[in-house]
Enquirer: 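Take a look at the following structure, please.
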2 protein chains.
Amino acid sequence: MGTKPDISLEACTYSHVLEIISNKWTALAIYAMETGPIRYGEMMRRIEGISQKMLTQTLKQLERNGIVNRKLTPSVPPTTEYSLTPLGESLLPLMTALKLWAEDHLDSVKQARMHYDNLKP
Amino acid sequence: MGTKPDISLEACTYSHVLEIISNKWTALAIYAMETGPIRYGEMMRRIEGISQKMLTQTLKQLERNGIVNRKLTPSVPPTTEYSLTPLGESLLPLMTALKLWAEDHLDSVKQARMHYDNLKP
DNA sequence: CGGAATCCATCGGGATACTG
DNA sequence: CAGTATCCCGATGGATTCCG
């Protein structure tokens with residue numbers, strides 16, 4: 001008998017988390033908020049190489065997913081502060097775990113890549 | 001004094017892990033190998049909606065990063081089996097942790113999204 | 001200051017067809 | 001069976017300009 005598909009993107013909760021935290025700048029934005037509220041402009045300055053388009057877009061997604069809070073103070077000039085929600089903070093341990101894995105194994109990965117690239121140049 | 005960038009993509013080991021495991025089909029491919037070696041054709045059938053182009057590409061990346069092993073048996077017809085390396089298996093606990101987080105919090109995320117989308121339609 | 005809007009180059013990824 | 005090769009389109013992301 002033929003095998004039926006039993007692994008699907010839609011059903012994979014793991015994939016759904018990844019959608020939230022795996023965009024290019026998402027992790028860095030979260031790091032910037034790790035120590036407390038931070039303003040838009042300071043995030044721009046702290047995250048190397050990000051454009052405001054990408055920062056704005058990243059923060060919007062995070063806000064939409066309930067990961068960050070946006071607090072607008074309509075003064076002149078206006079002030080906007082971003083901070084992690086409790087939901088956002090609950091992600092930090094997972095990110096730390098991934099970070100530890102990376103620190104432990106990234107050398108192995110790089111070695112594997114060199115090996116692979118040498119065989120097929 | 002002006003703030004200097006202190007958060008960078010290049011320095012962030014977390015980002016480097018994500019590059020490895022956050023592609024659209026990567027997680028599903030790893031799941032397919034979780035219970036042991038599996039052939040190319042059976043992966044195609046088990047993973048819903050994947051094209052052979054994407055399966056091939058995904059497996060190549062994983063092989064390059066030392067996550068999977070490729071064992072080619074040049075018979076007629078040829079047989080190719082894919083399996084997780086020890087490095088690959090060391091990723092499973094992390095994926096499980098993310099999965100658990102998702103199961104616990106994905107409802108909150110969906111709710112946050114509905115809330116957000118209602119405010120800004 | 002904190003964005004939004006626009007333009008444009010690049011790239012991921014699907015469909016299809018062909019090969020060892 | 002297990003891929004490779006092409007074509008093609010929509011999404012991603014950078015640079016720039018404008019607005020409250």
Side-chain angles (χ1 to χ4, degrees), chain A residues 2-3 5 8-10 12 15 18-29 32-33 37-64 68-83 116 119-121, chain B residues 2-3 5 8-10 15 18-29 32-33 37-65 68-83 116 119-121:
Chain A
T3 314
S8 95
L9 264 185
E10 197 42 46
C12 182
S15 298
L18 284 183
E19 273 177 30
I20 299 176
I21 58 168
S22 77
N23 294 315
K24 188 173 181 185
W25 302 103
T26 302
L28 305 192
M33 292 178 285
I38 180 174
R39 297 180 57 178
Y40 182 90
E42 209 197 331
M43 288 189 81
M44 269 294 281
R45 269 172 271 120
R46 286 192 59 192
I47 303 178
E48 185 184 325
I50 199 171
S51 63
Q52 8 82 311
K53 175 180 173 180
M54 279 306 105
L55 180 54
T56 300
Q57 185 175 301
T58 301
L59 288 171
K60 264 191 191 165
Q61 288 304 314
L62 288 173
E63 192 193 354
R64 177 169 185 264
V68 319
N69 238 315
R70 182 187 166 187
K71 188 171 134 203
L72 172 62
T73 306
S75 53
V76 180
T79 303
T80 315
E81 271 196 347
Y82 292 89
S83 57
Y116 185 92
L119 293 184
K120 329 195 173 183
Chain B
T3 314
S8 96
L9 265 184
E10 196 42 45
S15 299
L18 284 183
E19 273 177 31
I20 300 176
I21 57 169
S22 77
N23 295 313
K24 187 172 182 184
W25 301 104
T26 302
L28 305 191
M33 293 178 285
I38 181 174
R39 298 180 58 179
Y40 182 90
E42 210 198 329
M43 289 190 81
M44 269 295 279
R45 269 172 270 121
R46 286 193 57 193
I47 303 179
E48 183 185 328
I50 199 171
S51 63
Q52 0 84 314
K53 174 179 171 180
M54 280 306 105
L55 179 55
T56 300
Q57 185 175 303
T58 300
L59 289 171
K60 262 190 192 167
Q61 287 305 313
L62 287 173
E63 191 194 354
R64 177 168 184 264
N65 289 319
V68 318
N69 239 317
R70 182 186 166 190
K71 188 171 131 201
L72 171 63
T73 308
S75 52
V76 180
T79 302
T80 316
E81 271 196 347
Y82 292 91
S83 57
Y116 185 92
L119 293 183
K120 330 195 175 183

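The chains referred to below are lettered A, B, ... by the order of the sequence lines, with proteins before strands, and numbering in each begins at 1.
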Enquirer: Backbone N or O of B:Met54 within a donor-acceptor pair of the B:Thr58 side chain at under 3.5 Å?
Expert: yes
Enquirer: Output the residues of residues 19-28 of chain B in contact with DNA chain C, where contact means a heavy atom of the residue under 4.0 Å from an atom of the strand; sort by number or write none.
Expert: B:Lys24, B:Trp25
Enquirer: Please lay out, stage by stage, how A:Thr26 and A:Gln61 fare under the test side chain to side chain contact (heavy atoms under 4.5 Å, CB included).
Expert: CA-CA 9 Å; A:Thr26 302; A:Gln61 288 304 314; over 6 Å; no
Enquirer: Locate the shortest heavy-atom distance separating B:Ala29 from B:Met43; write the atom from each residue and the value.
Expert: O-CE, 3.5 Å
Enquirer: Under the side chain to side chain contact (heavy atoms under 4.5 Å, CB included) rule, what do B:Leu9 and A:Lys24 come out as? Steps first, then yes or no, please.
Expert: CA-CA 8 Å; B:Leu9 265 184; A:Lys24 188 173 181 185; 3.4 Å; yes
Enquirer: Once side chain to side chain donor-acceptor pair (under 3.5 Å) is applied, do any residues pair with A:Thr56, and if so which ones, sequence neighbours excluded?
Expert: A:Tyr40
Enquirer: How long is the line joining CD of A:Glu81 and P of C:dG2, in whole Å?
Expert: 10 Å
Enquirer: Which whole-number value in Å describes the distance from B:Gln57 CD to C:dG13 P?
Expert: 7 Å
Enquirer: Below 4.0 Å from chain A heavy atoms, what is the first contacting nucleotide of DNA chain D and what is the last?
Expert: D:dG13 to D:dG20
Enquirer: According to the side-chain hydrogen bond (donor to acceptor under 3.5 Å, both in side chains) rule, which pairs have a member within residues 73-83 of chain B, sequence neighbours left out?
Expert: none
Enquirer: Please report the interatomic distance CD(B:Glu63) to CG(B:Asn69), rounded to the nearest 0.5 Å.
Expert: 7.5 Å
Enquirer: Quickly work out the A:Ile47 CD1 to C:dG2 P distance and round it to whole Å.
Expert: 14 Å
Enquirer: Are A:Thr79 and C:dC1 close enough that a side-chain N or O sits under 4.0 Å from OP1 or OP2?
Expert: no
Enquirer: To the closest 0.5 Å, what do you measure between CD (B:Glu19) and OG (A:Ser22)?
Expert: 11.0 Å
Enquirer: Quick check: closest heavy atoms across A:Trp25 and A:Glu48, and the distance to 0.1 Å?
Expert: CZ3-O, 3.6 Å
Enquirer: What are the two closest heavy atoms between B:Ser8 and A:Leu28, and how far apart are they?
Expert: C-CD1, 3.9 Å
Enquirer: Of all heavy-atom pairs between B:Leu18 and A:Leu18, which one has the smallest distance, and what is that distance?
Expert: CD2-CD2, 4.5 Å
Enquirer: What does the inter-axis angle of the helix from C:dC1-D:dG20 to C:dG20-D:dC1 come out as, five pairs per end, nearest 10 degrees?
Expert: 40°
Enquirer: Side chain to side chain contact (heavy atoms under 4.5 Å, CB included), that's the test. Do B:Val68 and B:Met33 meet it? Break it down for me.
Expert: CA-CA 9 Å; B:Val68 318; B:Met33 293 178 285; 3.3 Å; yes
Enquirer: Might you list the N or O atoms of the protein lying below 3.5 Å from N or O atoms in nucleotides 4-7 of chain C, with each pair's distance?
Expert:
from, atom 1, to, atom 2, distance (Å)
C:dA4, OP2, A:Lys60, NZ, 3.4
C:dA4, N6, A:Gln52, NE2, 3.3

Enquirer: Using a cut-off of less than 4.0 Å, is there contact between a side-chain N or O of A:Arg39 and OP1 or OP2 of C:dG2?
Expert: yes
Enquirer: Can you measure from CD1 (A:Ile38) to CZ (A:Arg45) and round to the nearest 0.5 angstrom?
Expert: 8.5 Å
